[in-house]
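The block underneath contains the structure these notes are about, expressed in structure tokens.
Residue numbering restarts at 1 for every chain, and letters A, B, ... go by the order of the sequence lines.
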Amino acid sequence: MINYRDLENKWQAEWDKAKIFEGSMNQKQSYMVTAAFPYANAPQHIGHLRVFGTADVLARYKRMKGFNVLYPMAFHATGTPILAFAKRLQNKDPELIRELKMFHVPDEEIEKMTDPVYIAEYFIKEIEKGMHAVGFSIDWRRSFVSIEPKFSKFVEWQINLLNSKGLLTKGEHPVGWCPNENNAVGMHDTKHDVEPDIEKEMAVRFEIEGKDASFICATYRPETLPGVTNLFVNEKAVYVACRIGEDGKTYYISKEAASRLGYQFKIEAISEINGEELLKMSCTNPFTGLKIPVLPGFFVNPVVGTGVVMSVPAHAPFDYVAIEKLKTSGYPVPEIKPVKVVDVEIGRSLDKKTGQAQVSDIPALEYLKAVGADVSSPDNLIEQATKLEYKEESHWGKMSVGGFENMSEPEAREKMKGILMQKGNGFEMHILANRPVYCRCGTEIVVKVVDNQWFINYGNAEWKKNVNEAFKDITILPPKSRKAFESAINWLDLRAVARAQGLGTRFPIDNNYIIESLSDSTLYMSFYTIVNLIRDTDPEKLKPEFFDYAILGKGEAEVIAKSTGIDYETIKKCRESFQYWYTNTSRHSGPDLIFNHLTMYIYNHVAILEKKYWPKQIVVNGSVLSEGEKMSKSLGNIVPLMDAVEKHGADPLRFVIVAGADLFSDSEYSDDSVNGIKERFEYIFKIAENMKSMQAGQLEHIDYWLYSKLNRKIDTVSKSMDILELRVASTELLYNSVLELKRYFSRGGKNSIVIKDYINSLVLMLAPISPHIAEELWRMLDYDNFVALEKWPEQDQSMVNEKVERQEDIVDRTIDDAREVMNIVRKKENKEPREINLIVAEDWKREVNNLMAAEKNVGKLIENITGNKDSILGETTKKMNVEMILDYVKGNAKRIGSIQHTDITQEEELSFLKEASGYVSEMLGCKVNVVKESESKSERAKRSMPGKPSIDVSL
RNA sequence: GCAGGGGUGGCAGAGCCUGGCCAAAUGCGACGGGCUUAGGACCCGCUUCCUUAUCGGAUGCGAGAGUUCAAAUCUCUCCCCCUGCACCA
């Protein structure tokens, strides 16, 4: 048994002592790997291993490929999470305390965690410990925290630079808002961590007949306006007459709406009025100009929208039902005829058997029927009909009203919005789509439009164009996530850069704000190149001109030395270090960051740096599943990193998590999967130990086979490592290698030189993924240097022997076939087979086989053979009877598609089958003879095919 | 809704770009056998159905249609699942 932890501790100590991962400039081509900032408010679980581990594998691989590699690490503490964390601990939040205990945080430490900075310091230590324990090849001298003053100087410089380039703008912005605390609230500030979902809706103005006032309706579907036949209000609710904004007009909306919309618009209430009073009014449809009544709607909720609903009975099941209900209740309903505005095949998305696709004049009614509802059905069923109708109509519907003919609904919607807004009959408002959402203080959240908000303008056309241009030269791994980046680049628009609270750097343009925490980490990777050189420099000396010089190469070092007080040598070295390290980089992160951090990273680099320092490669990782499920604290299946390391060892863990899945897909952590890996490590160890007692000798058939497999493997693995397809590499290295070694031995392989060559290369290729085991094996192979600094193996193309591999495949298939035949015979004759004859096909069949492989059209092939046999047939075949050839062709016509070219002659097939006959005999448990077709007396002889000997069983 | 990714055998997961060696790698599981006092580990076999002295047939890679001598793979239409949608790390 391998003692993983002992072995790993030993090698980690050796690496530290030799300082082999401390990056310093030398003649070699540099390569810098950076992974996303770990956030310093919790210790690590195994999920973190994914991104950082992949980065480490790349760093180690590139080192072996001859690069001078730097893998730095720093910590993120900016933003609100750590503040919220501290607050929760101040309140002795039992859930959080339970989580911390799960990570073995001692009680006395939890006691001290009321200070955000202490929290960050504590967890940074823990995370460092974890990263060290899994053997990351990190240069720790460059570690920093995103809240330290030196880094703040850097971020200030960056933000000022963006501003001077005209990339910051100021404007208004909707946010979730707690009216009680007067604060913006995000997900972290709400009960049950609900993200406030803010959506835009269209507010439509309906002028009231005979009054200088209007109703306001909120709607997602302004394009149905031509179909509006009336308005609905809640006759029991209280409404207010009010002024909205500066237009001096009077509007009627529900009282609740007025108070909530007050956070978006300037609203001044004039008087209250009961819903009942409104029923006496009528108003004008702003699109059609027709006069429409105001009716009581049973479903109208004064808290939703404006409390006034525009009614489209043809297309909204609730509206249709409300009118029908009114009619039966005896309410004096004026004549209302639903007006259809969209044509659609009703029930198109339903199961074809139940949904009758048809067009109707009152689709709303048909949709009620489609879900099995009628006017007396409960609200939830009507809701279902509404959803179905909305979905089908906006997906497949075609507008049928004047001016919008044949438009899709989304198209018509935009057009209608334009018309309404232009005429002053509509404006956009924000609503909380997932209301009610509550602040942690218990108050219901509203939408507030804040002004004075600073943005980074990622919508800037010129900037976007440059980024699109730059993106063409960036390698994205896996390549399939390229598209996501493309849409992210084009979608990114205004991005708030400052916020009122949180840890971080003060916003230099307005000191009341803090720089938003994603915006402060878009260029920081360049800070790694200089941070170790300014360790002892007073942060106050890090003036803009210093960064201008170090990062941008602007100005004169002497002048800057004078103005900043930093010594000349340091300034010079910073510039050189930046230039040296920042040319060849790989950035690693998770898929959820494509739409913010990673794309912002590209944007900021393009805006600020010279072209040669722009991003070169971005790697996107999937996450880690634990026992098939996403790890979540509530499920309690979160596995602390250190627990897993202690239990399984770092290398098996690295293997399963980092290399267990393709980049973008999730990898699976379970004890089973780790155990499988351990078993294979043990096997390789055993071979390495036993190797010493084996001997060298002449190369046999199976030796060539193993060399062939090895050299093919080197190529496959190298190519996979280049694009970080670690799943392929790991399967090849562990699973397939063990299979190959086992086969080698069972086929009688025993050459110590061959095995040593094989293990040697295998260990080298294992080194990036399982570095500790590789070091240990490297010693067992009698080397005394670090495998981490060795050269990656090169493929010897001449040793890749397709023919030998194919021959082994034939041996395998022959065994399978023979086994099958034997089973049939056993069953049929109820006797144990005594002997097996393998009958090898004649050479003429091989020639014909190859003709068939080349020409897949049987008719054409037969024509060719009969027509000009002299020109297409080979020497042996030419002399033969054409009928015999044609028989063979016809006999195999059906499987012509699967016939492959072969270059194995009968003599060769005969000889390697004879060589393997001992093995075949052992596998089958009976005597085996190998004979030529022409020499066999068996009637089955003629059934033999190239690579597929006919099998004759004697009882 | 918009954007991105995906739907393959009991499960996980390759293959799809570059169509035919694909009833489909590999791992896990299940089953049968060996080893063992026994269990674990390990080794061997087996794992769609029918047929059969292998080499045959049917069904089959979300559904349907098409292109082709040939489709898991190409094209089209549809259905379903996952992720993200902003000031939040």
Side-chain angles (χ1 to χ4, degrees), chain A residues 36-37 39 41 76 78-82 173 175 184 186-189 195 197-199 220 348-349 351-352 390-391 394-395 410 453 455-456 479-488 490-499 502 516-519 521 591-597 622-623 625 628 660-662 664-666 668 670 672-673 676 679 727-728 731-732 735-736 739 742 746 806 809 813-814 816-829 833 853 856-860 891-892 894-902 923 940 943-945 947-953:
Chain A
F37 263 149
Y39 198 79
N41 75 337
H76 204 201
T78 33
T80 49
I82 288 196
H173 187 70
V175 292
M187 194 174 82
H188 300 288
D189 312 306
E195 178 80 46
D197 188 5
I198 297 169
E199 282 182 4
Y220 285 112
R348 179 170 172 183
S349 64
D351 189 336
K352 283 184 191 100
Y390 182 78
K391 176 183 156 187
S394 52
H395 207 155
Q453 175 67 54
F455 297 97
I456 298 179
K480 72 176 169 191
S481 42
R482 247 197 124 74
K483 270 195 188 164
F485 274 96
E486 278 163 14
S487 40
N490 291 318
W491 165 83
L492 211 59
D493 197 6
L494 294 179
R495 170 87 202 187
V497 63
R499 58 177 326 205
E516 181 273 322
S517 50
L518 282 181
S519 302
S521 51
D592 44 334
L593 295 183
I594 293 177
F595 279 84
N596 44 55
H597 167 73
S623 50
L625 304 179
D662 274 337
F664 208 69
S665 38
D666 296 337
E668 176 85 24
S670 67
D672 271 355
S673 50
E679 280 161 21
R727 166 107 184 174
V728 174
T731 314
E732 210 30 72
Y735 294 87
N736 292 350
L739 288 175
K742 283 180 179 173
S746 66
R806 205 126 22 89
D809 288 344
R813 246 181 295 139
T814 305
D816 279 349
D817 286 349
R819 190 141 32 206
E820 200 172 328
V821 176
M822 285 166 73
N823 279 336
I824 295 165
V825 172
R826 260 186 220 123
K827 236 190 275 171
K828 217 173 179 179
E829 311 287 337
K856 298 287 186 190
N857 189 320
V858 182
K860 219 180 244 174
N892 289 294
K894 271 189 185 153
R895 44 180 291 274
I896 192 161
S898 61
I899 286 178
Q900 297 295 310
H901 182 92
T902 179
M923 298 301 285
R940 290 180 225 289
R943 292 195 185 190
S944 62
M945 285 183 277
K948 198 163 177 71
S950 179
I951 294 155
D952 190 83
V953 179

Any strand: nucleotide that pairs with [N] via Watson-Crick or wobble, under 3.5 Å:
N	result
B:rG27	B:rC11
B:rA63	B:rU77
B:rA3	B:rU83
B:rA58	B:rU48
B:rC69	B:rG20
B:rC35	none

At under 4.0 Å between heavy atoms, what does [X] touch on the DNA or RNA strands: base, sugar-phosphate, or nothing?
X	result
A:G676	nothing
A:T814	nothing
A:A496	base
A:D493	base
A:I896	nothing

On the nucleotide [N], are OP1 or OP2 found under 4.0 Å from the side-chain N or O atoms that [X] carries?
X	N	value
A:H173	B:rC87	yes
A:T80	B:rA89	yes
A:S517	B:rA89	yes
A:K948	B:rC21	no

Nearest-Å distance for atom pair [atom1]/[atom2], residues [X] and [N]:
X	N	atom1	atom2	answer
A:I951	B:rU54	CD1	P	9 Å
A:N736	B:rA14	CG	C1'	11 Å
A:R727	B:rA14	CZ	C1'	7 Å

Checklist line | Nearest to side-chain heavy atoms of A:W491, which nucleotide of B:rU54, B:rG27, B:rA86 | finding: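 So the nucleotide nearest the side chain must be B:rA86.
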Item checked: Test ring-ring contact (aromatic ring centres under 6.0 Å, His included) applied to A:Y390 - qualifying residues, sequence neighbours left out ->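 Here no residue qualifies.
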Item checked: Results of ring-ring contact (aromatic ring centres under 6.0 Å, His included) for A:H597 - residues two or more places apart only -> none
Check: With a 4.5 Å limit on heavy-atom distance, are the side chains of A:L739 and A:N736 in contact?
Finding: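 Yes; the side chains approach each other to less than 4.5 Å.
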Next item on the list: For the residue pair A:M822 and A:I951, establish whether any side-chain heavy-atom pair is separated by less than 4.5 Å.
Entry: no
Notebook entry, point to check: Using the ring of each side chain (for Trp, its six-membered ring), is A:W491 parallel, tilted or perpendicular to A:F595, with breaks at 30° and 60°?
Noted result: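 Answer is perpendicular, since the angle exceeds 60°.
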Notebook entry, point to check: Could you write nucleotides 40-48 of chain B as a row of B, S and -, 5' to 3', where a protein heavy atom under 4.0 Å of any base atom gives B, of only sugar-phosphate atoms gives S, and otherwise -?
Noted result: -SSS-S---
